[in-house]
Protein chains: 4
Amino acid sequence: MTTQTTTTGATRPAGRPRSEKAERAIIEATLDLIGAGSSISELSIEAIAARAGVGKTTIYRRWSNKEDLVVDALSSLKAPLPQFAGRSVREDLITWLKVISTESSDLRGRCVMNILNSDPGRHPRVMERFHELAIKPRREAVLAVLHRGVENGELRPDLDVDLAMTILNGAMVWRVKWLSDPTQTDGLPERIVDEVLRGFAPASA
Amino acid sequence: MTTQTTTTGATRPAGRPRSEKAERAIIEATLDLIGAGSSISELSIEAIAARAGVGKTTIYRRWSNKEDLVVDALSSLKAPLPQFAGRSVREDLITWLKVISTESSDLRGRCVMNILNSDPGRHPRVMERFHELAIKPRREAVLAVLHRGVENGELRPDLDVDLAMTILNGAMVWRVKWLSDPTQTDGLPERIVDEVLRGFAPASA
Amino acid sequence: MTTQTTTTGATRPAGRPRSEKAERAIIEATLDLIGAGSSISELSIEAIAARAGVGKTTIYRRWSNKEDLVVDALSSLKAPLPQFAGRSVREDLITWLKVISTESSDLRGRCVMNILNSDPGRHPRVMERFHELAIKPRREAVLAVLHRGVENGELRPDLDVDLAMTILNGAMVWRVKWLSDPTQTDGLPERIVDEVLRGFAPASA
Amino acid sequence: MTTQTTTTGATRPAGRPRSEKAERAIIEATLDLIGAGSSISELSIEAIAARAGVGKTTIYRRWSNKEDLVVDALSSLKAPLPQFAGRSVREDLITWLKVISTESSDLRGRCVMNILNSDPGRHPRVMERFHELAIKPRREAVLAVLHRGVENGELRPDLDVDLAMTILNGAMVWRVKWLSDPTQTDGLPERIVDEVLRGFAPASA
DNA sequence: ACATAATCGAGACGGTACGTCCCGTCTTGTT
DNA sequence: AACAAGACGGGACGTACCGTCTCGATTATGT
């Protein structure tokens, strides 16, 4: 047996392999531009190539259209799972809403919010992927908090946890969206959680 | 006194007067395109002119940029105030959320939702105007419902009605945004209102 | 009869008319670049547009490909007919060869020589047009000189004037082509004409 | 002493020796493409590599640029010296012009003509080499014919043989250049030679 | 009636980005 | 060390729109 590196059937294709460095630069540039304020429609391949110091060909060789590129770029943007203390549901939910509100402060987080502000009807594939990557895992983590609350009696046993998440997230995102300075959210998380936990109706009713 | 047809003191300037018909057609076309799914960024004067059957000059003579046109177009888009029965807060709030969810069904309503989904940071003037026209009046009507509820004991006396609105609207809009078919909202308004009214925590807690 | 400018059937098409200034600038730029040394293959529409201060669209609106543009550019390059004194065939032929050799000295003339040096097989349409514009008229003027010479006895009665032209032009162009400095042609025209007029064979033979 | 197969003193460098087969294929491909109608400017390394079944690296390792390659390719293109019967100057010159006109008929000969039609100002090194290889040796052979003619009285004693060659070659090449089918040259060589030998002026003048 | 003047549709303008093609250079694993 | 394969940065291609600009034609007013 002569020089044969592996016994796997899948051999590397001939020729110079694609540069991982270029690939990273392209993704970085894409996220930078989205974070800097470009909507998906405004993103231009030419601008990405220029910022990445890369030929347009190198982009088109990998992704056949802008949406595919954005999808992959988002994939490399691991939205970190919030670390829940687990002492009480209230505390954990506040932690969660604070994560949402803090997200806009760093460049990559602004990315997430910009995508979030896009119209899901226009870029369905991007939004689908975005949902899968940035929403679903965190959603499940928060759902676990809610379920735990239901089990240990902190929350109503018949609570629709799914709907509860919608209410929490919706309130937070909606409020932040209309703030002139999305960084200033003061005690908003606490107030939302408290209000929602108690309910609007009086206890005696 | 010269030849003047109208009784207004302001003399009409010489030359051919601007065509009201063209103006209406432009506004209609703008709303049509927004309703059909164009975001503000994607909206193009060229497309509006084509759909209105009008030269591009005719548009630019009236509005110096796209945002000004959209602002004026939105002004002619009267978001109807919901009619509240006034029998109970619960009923009125459900009515209100149903108004939101129903909005997507007609062409002009979809317009409202599309603007709503836009990034307020990118088109501040449009969003400001939109807030003034479509949000504020309805917000006040709903706030009145909440205040009435606080006064007559249907709602907690210390309820932050402003935050309550945020929670209700946010939950509804957020949910609709992620629905594949935004028309299908089933019993969502009822479930949101009920959940929020009772609170997540158990009554005994 | 109302406002009608002319009675001709051909009315000007609607819209802004094409700018003659732009057209001239494009042609000038094209000739400049050819004169500066670009072969037809090397000519780039982008370079022409840049030098003419014009959008690429403005070029493509008028000419569907590079050859058509070059053909039109050549058309505006009126190679002046040589002025023949008419005193003798010898003098006129020398004048003619001097015109050829002088052509390279000015920018537009260098244009002619550059096209001449192109391969006629590759750009047949250009060469055909070039022949029609720059070769044929001058050829006929020189043919007239030769015919006059045959009639008044300065040239052999059975001279093949067509072939004679080929010999004169070919000799001159061929020689100039291989000169390092095509401007320095000394007494070449005189020497060619004299040699050709006398013939290579001795008079007595 | 290392591993050395040949008896030459120059040690062959280590590593795999360059493939002569590849080298030949490259040269063949180059000549093929030039013969097929590519001007030097249009000739591309990529095309040569493809036709030779060779990687582009293999070409660039040997020649640093296109011109160098063309120069070497031309070197392997031995333009055959015409065989002169020596019976008369007229016969030999006709033979010579026929060689020129026949050259276009075979693939390698068309090569010569294509280079000949190139602009010497643009590829000076190629043309210089071409002159040395394909022009000079044949030129000298023809010059010998002319000199012999002068010596034995077939040509005028004061004939400028150098200029005479220019006239003959120039006429032939010029004529062929403008022919739609350069193969069809009928009795052109005879007619040119006869005309030039006799001179345009009448014998009595 | 008729000059004046602003508006109209149409479409050309300079410009930007598109996605494709090809260039000459470079970087792999294999020979 | 040379080979083929093929990715790389770069540049031009021809197209599609963009927002601006210029036309002749239209439609009012003011004399």
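Treat the numbers as computed from the prediction; the structure is a model and nothing was measured.
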**Study point:** Any residue meeting side-chain hydrogen bond (donor to acceptor under 3.5 Å, both in side chains) with B:R129, in chain and number order, not counting sequence neighbours
**Key:** B:S75

Check your understanding: Could you state the CH2-P distance from A:W63 to F:dA7, rounded to the nearest angstrom?
Key -> 14 Å

Review point. Under the side-chain contact (heavy atoms from CB on, under 4.5 Å) criterion, do D:V70 and D:H123 qualify, and how do the steps go?
Key: CA-CA 10 Å; D:V70 173; D:H123 308 286; over 6 Å; no

Point to revise | Estimated bend of the helix from E:dA1-F:dT31 to E:dT31-F:dA1 (axis per five terminal pairs, rounded to 10 degrees) | key: 10°

Check your understanding: Stepwise, does the side-chain contact (heavy atoms from CB on, under 4.5 Å) test hold for D:N65 with D:Y60?
Key -> CA-CA 7 Å; D:N65 59 63; D:Y60 283 109; over 6 Å; no

Check your understanding: Going by number, which of residues 19-34 of chain D have a non-hydrogen atom under 4.0 Å from DNA chain F?
Key -> D:S19

Exercise for review: Using the closest heavy atom to pick a nucleotide of DNA chain E for each, name whichever of C:T58 or B:G53 lands nearer the 5' end.
Suggested key: B:G53

Check your understanding: With sequence neighbours left out, what residues match C:R18 under side-chain hydrogen bond (donor to acceptor under 3.5 Å, both in side chains)?
Key -> none

**Study point:** Under 4.0 angstrom between B:R18 side-chain N/O and E:dA5 OP1 or OP2
**Key:** no

Practice item. Sort and list the pairs that fulfil side-chain hydrogen bond (donor to acceptor under 3.5 Å, both in side chains) and have at least one residue in residues 33-45 of chain C, not counting sequence neighbours. Key: C:S41-D:E42

Exercise for review: Look only at the side chain of B:T30 and the backbone of B:I26, and say whether a donor-acceptor pair between them is shorter than 3.5 Å.
Suggested key: yes

**Study point:** B/S/- contact track for nucleotides 22-28 of chain E, protein heavy atom under 4.0 Å
**Key:** BBBBBBB

Check your understanding: Over how many whole Å does the gap from C:N65 atom CG to F:dC13 atom C1' extend?
Key -> 13 Å

Check your understanding: Under a 4.5 Å cut-off applied to non-hydrogen side-chain atoms, are A:I48 and A:L69 in contact?
Key -> yes

Exercise for review: Rounded to the nearest angstrom, tell me the gap between atom CD1 in D:I48 and atom P in F:dA4.
Suggested key: 15 Å

Practice item. Hey, could you give me each pair passing salt bridge (Lys or Arg N to Asp or Glu O under 4.0 Å) that has a residue in residues 52-66 of chain A? Not counting sequence neighbours. Key: A:E23-A:R62, A:E46-A:K56

Check your understanding: What residues, two or more places apart in sequence or in another chain, satisfy side-chain hydrogen bond (donor to acceptor under 3.5 Å, both in side chains) together with B:D32?
Key -> B:R51, B:R108

Exercise for review: List in chain and number order the residues that pass side-chain hydrogen bond (donor to acceptor under 3.5 Å, both in side chains) with B:R125, two or more places apart in sequence or in another chain; answer none if no residue qualifies.
Suggested key: B:D68

Study note, to complete from the structure: Between CD1 of A:I59 and P of E:dG19 the distance, given in whole Å, is 10 Å

Practice item. For D:V112, check side chain to side chain contact (heavy atoms under 4.5 Å, CB included) against everything at least two apart and list the hits. Key: D:L77, D:E103, D:F130

